[in-house]
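Every heavy atom of this structure was used, including side-chain atoms; hydrogens, water molecules and symmetry mates were not. Worth saying up front: this structure is predicted, and the values here are computed from it rather than measured.
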Amino acid sequence: SNVASEFGTDQNIRRGTFSTLTTKIGYGYSWIFGQKKWFLSGVLMIGGGWQSSKYADANREYTTSHPAGKVDFVSSFGYNGDDFFWGLSALADATSYQTDHLTITTNLYVLSLFAGTRF
């Protein structure tokens, strides 16, 4: 079938565990404006590490290890006043997992609203 020619034996994967350990380096910048009360920040991080995977199809289990990559981006916007502060922060995280014939990519997006007061 066409699916078999595209994905090989990986078309029959029924379960798997993928573990990745990475370190990242990055660059961040914060722009302060509006009488030094408002901020806009961004951080881009890239890195690499090692990935171990264990997955199975209907016939056997596979165990592999190989290098892995990682990319994260964090952005924040908010207000930092004398008596209170608030902001919005967004995170985008991408991780890829490898099998013999497939690359499985997961994307995680987090949006956080924060606020507080000084006393």
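Contacts of Ser96 classified as side-chain hydrogen bond (donor to acceptor under 3.5 Å, both in side chains), with partners at least two apart in sequence or in another chain: Thr105. For Arg60, there are no salt bridge (charged side-chain N to carboxylate O under 4.0 Å, His left out) partners, not counting sequence neighbours. Applying the ring-ring contact (aromatic ring centres under 6.0 Å, His included) test to Phe18 and every residue at least two apart in sequence or in another chain returns Tyr97. Scored by the side-chain hydrogen bond (donor to acceptor under 3.5 Å, both in side chains) test, Glu61 finds Arg15 as partners (sequence neighbours excluded). Partners of Thr103 according to the side-chain hydrogen bond (donor to acceptor under 3.5 Å, both in side chains) rule, which considers only residues two or more places apart in sequence or in another chain, are Gln98. Listed by chain and residue number, nothing satisfies the ring-ring contact (aromatic ring centres under 6.0 Å, His included) test with Phe73 (two or more places apart in sequence, or in another chain). Scanning for side-chain hydrogen bond (donor to acceptor under 3.5 Å, both in side chains) contacts around Ser41 gives Ser30, with sequence neighbours left out.
Counting all heavy atoms, side chain and backbone alike, Trp50 lies closest to Ser65 at NE1-CB, 3.2 Å. Considering all non-hydrogen atoms of both residues, Tyr79 and Phe39 come closest at N-CE2, 3.7 Å.
In this model, no donor atom of one side chain and acceptor atom of the other lie less than 3.5 Å apart for Ser52 and Ser19. Checking Tyr109 against Asp93 by side-chain atom types alone, no donor-acceptor pair falls below 3.5 Å.
Chaining together hydrophobic side chains whose heavy atoms lie under 4.5 Å apart places Val43 alongside Met45, Val74, Leu91, Leu108, Val110.
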Residues Thr106, Thr95; criterion side-chain hydrogen bond (donor to acceptor under 3.5 Å, both in side chains); working and verdict: CA-CA 5 Å; Thr106 60; Thr95 305; 4.5 Å; no
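Note on residues 20-29: pairs passing side-chain hydrogen bond (donor to acceptor under 3.5 Å, both in side chains), not counting sequence neighbours, are Thr20-Gln51, Lys24-Asp72. For the salt bridge (charged side-chain N to carboxylate O under 4.0 Å, His left out) condition, the pairs that include at least one residue of residues 27-49, sequence neighbours left out, are Lys37-Asp82.
Considering only heavy atoms from C-beta on, Trp31 comes within 4.5 Å of Leu40 through its side chain. Using a 4.5 Å cut-off on side-chain heavy atoms (C-beta onward), Thr63 and Tyr55 make no contact.
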Identify each donor-acceptor pair in which a side-chain atom of residues 111-119 lies under 3.5 Å from a protein atom, sequence neighbours left out, and give them as a table.
from, atom 1, to, atom 2, distance (Å)
Thr117, OG1, Asp83, O, 3.0
Arg118, NE, Gly81, O, 3.2
Arg118, NH2, Asn80, OD1, 2.2
Arg118, NH2, Gly81, O, 3.4

